[in-house]
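Notes to accompany the following structure.
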Protein chains: 2
Amino acid sequence: MTRGATETRPSEARQRLLSTATQIFYADGIHSVGVDRIIADAKVTRATFYRHFPSKDDLVVTYLQEVHQMERAAFTAAIAAHSTAADSLLAIAEAIAANIRTAGFRGCAFLNAAAEFPDVNHPVHQQIIAHRQWFLDTLTTLMAQVAEDSSDAAARHFVMLRDGAMAAGCLFDPALVVDTFLRGVEGLVRIHGQRESASAA
Amino acid sequence: MTRGATETRPSEARQRLLSTATQIFYADGIHSVGVDRIIADAKVTRATFYRHFPSKDDLVVTYLQEVHQMERAAFTAAIAAHSTAADSLLAIAEAIAANIRTAGFRGCAFLNAAAEFPDVNHPVHQQIIAHRQWFLDTLTTLMAQVAEDSSDAAARHFVMLRDGAMAAGCLFDPALVVDTFLRGVEGLVRIHGQRESASAA
DNA sequence: TAGCGGGGAGAACGTTCGGTCTGAAACGCT
DNA sequence: AGCGTTTCAGACCGAACGTTCTCCCCGCTA
């Protein structure tokens, strides 16, 4: 126990707090869980919590940033593992599908948060908008390599399928949702790829 | 003021309470608005509220039933106004699009509620499931008249596009969301219609 | 060894939550 | 007139909310 010296700097308690909050907020929602439960599960006292986070809202923002980083990492890895943009898009779709199939899947953390924070000026809402913009931009860039002329519409179509799949994934049979989603994405990539090769010919 | 005689029977206060709750819950979420605000906006006292609704949860369930009835009425009208199933499907899509374009659009009341009530056994959650099942069944019936062999998959695809459009409608430019949605539905109906006529030939 | 300071512990703050209770006006009905 | 229901008005409850407070321990440097 006396080894801890340099690794204490990012604060072990803070990390415990954040990972606990991430689990609970995602599983049970945000407004319906209080600070009490989070600090109890993280085995931390109130004062410690408020030393690391100015308010509960700040914790929520940090929670969404955490999820954003994880998704970003997963998608970057999926893109890096494939040589063509079409393969990358299908890999991203497969990553989303795998997420939906996960036990304890509770939908998109950002869409769920948006339902609880309608105020557009609220920091949490802006975090959601920023995440979605990043996601759309990433897809648009990839789509541009598959179908240059219709990349915007194709990327929006992809996002729409994803949003629907993420929303329904915990309200319907996940297997059927994933099936519908993957078929939709495959059709999307195929059609736009065909259109591109046709216009290039 | 002495004209009121027979229309008081379904309780004017109760109706005022319900319509107020419908507006507020949809606009601002459920957990973040208290009973105090609803009774204040409805100009009703606490005792009156608890005379008509055993608890806040009951009001939430009734709120969702109210929205369900409105959607049901709108879709039934859209279906009745067209002779072919394909036209009915497009009319339903247009009704959804019109909803998204509405000022003050805040997404799907049921998807938003699902984000706040993750517990599957909760009456509110079951109300959501029931509504979605009705919606899917309605679409499946219509799709069966367009593409008999693939009606299930086509209906699920339609629902997925709708869910995505409803979720994104208040997070992106509604015009672009509606555009993407309608293109998707048109493609869906066209493709399944073609497949049907091809297999029939 | 003395002293400093950040992090942890836990009591306590005032407010708001959902929900109950009393008591008295205002109404429709027979 | 008399009855029953509905509504109003508001005090009240215990619990939970987000937040702040003081105290103390522990590892650091001088």
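Lettering follows sequence order; numbering is per chain, from 1. Basis for what follows: all heavy atoms, side chains included, without hydrogens, waters or symmetry-related copies.
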- prompt: Got a sec, which residues hit ring pair (Phe, Tyr, Trp, His ring centres under 6.0 Å) with A/His82, two or more places apart in sequence or on another chain?
  reply: none

Protein-nucleotide distance (A/Phe49, atom CZ; D/dG18, atom P), rounded to Å: 8 Å

- request: Begin with the C-alpha distance, continue with both residues' side-chain angles, and end with the deciding distance and a verdict on side-chain hydrogen bond (donor to acceptor under 3.5 Å, both in side chains) for A/Asp137 and A/Gln133.
  value: CA-CA 6 Å; A/Asp137 290 347; A/Gln133 191 60 52; 3.0 Å; yes

List, one per line, each side-chain donor-acceptor pair under 3.5 Å for residues 38-49 of chain A, sequence neighbours excluded.
residue	atom	partner	partner atom	Å
A/Thr45	OG1	A/Thr48	OG1	3.1
A/Arg46	NH2	A/Asp36	OD1	2.1
A/Arg46	NH2	A/Asp36	OD2	2.9

message: Under a 4.0 Å threshold between the charged nitrogen and the carboxylate oxygen, would A/Arg183 count as salt-bridged to A/Asp179?
response: yes

- line: Among D/dT7, C/dG10, D/dT19, the one nearest any side-chain atom of B/Thr48 is D/dT7

query: In whole Å, what is the span from the NZ atom of A/Lys56 to the C1' atom of C/dT16?
result: 13 Å

query: Are A/Tyr63 and A/Tyr26 close enough that their ring centres sit under 6.0 Å apart?
result: no

message: Using whole Å, what does the distance between atom C1' of nucleotide C/dA9 and atom OH of A/Tyr50 come to?
response: 16 Å

query: Under a 4.0 Å N-O cut-off, is there an ion pair linking B/Arg190 with B/Glu186?
result: no

query: Can you find a donor-acceptor pair, distance only, under 3.5 Å between A/Arg46 side chain and D/dG18 base?
result: no

statement: Among C/dT20, D/dC8, D/dC21, the one nearest any side-chain atom of A/Ala47 is D/dC21

- line: The correct set of residues in residues 30-41 of chain B placing a heavy atom under 4.0 Å from DNA chain C is B/Val33, B/Gly34, B/Val35, B/Asp36

Distance in angstrom units between A/His52 NE2 and D/dG18 C1', rounded: 18 Å

- request: Please state how far atom CG in B/Asp58 lies from atom P in C/dG18, giving the value in whole angstrom units.
  value: 14 Å

query: Under 30°, 30 to 60°, or over 60°: which ring-plane class applies to B/His131 and B/Phe135, parallel, tilted or perpendicular?
result: parallel

message: How many whole angstroms separate atom CG of B/Leu59 from atom P of C/dC17?
response: 15 Å

Gap between atoms CD and P, on B/Glu12 and C/dC27 respectively (whole Å): 12 Å

query: Within the modelled atom types, does a donor on one side and an acceptor on the other bring the side chain of A/Arg51 and the base of C/dG8 under 3.5 Å apart?
result: yes

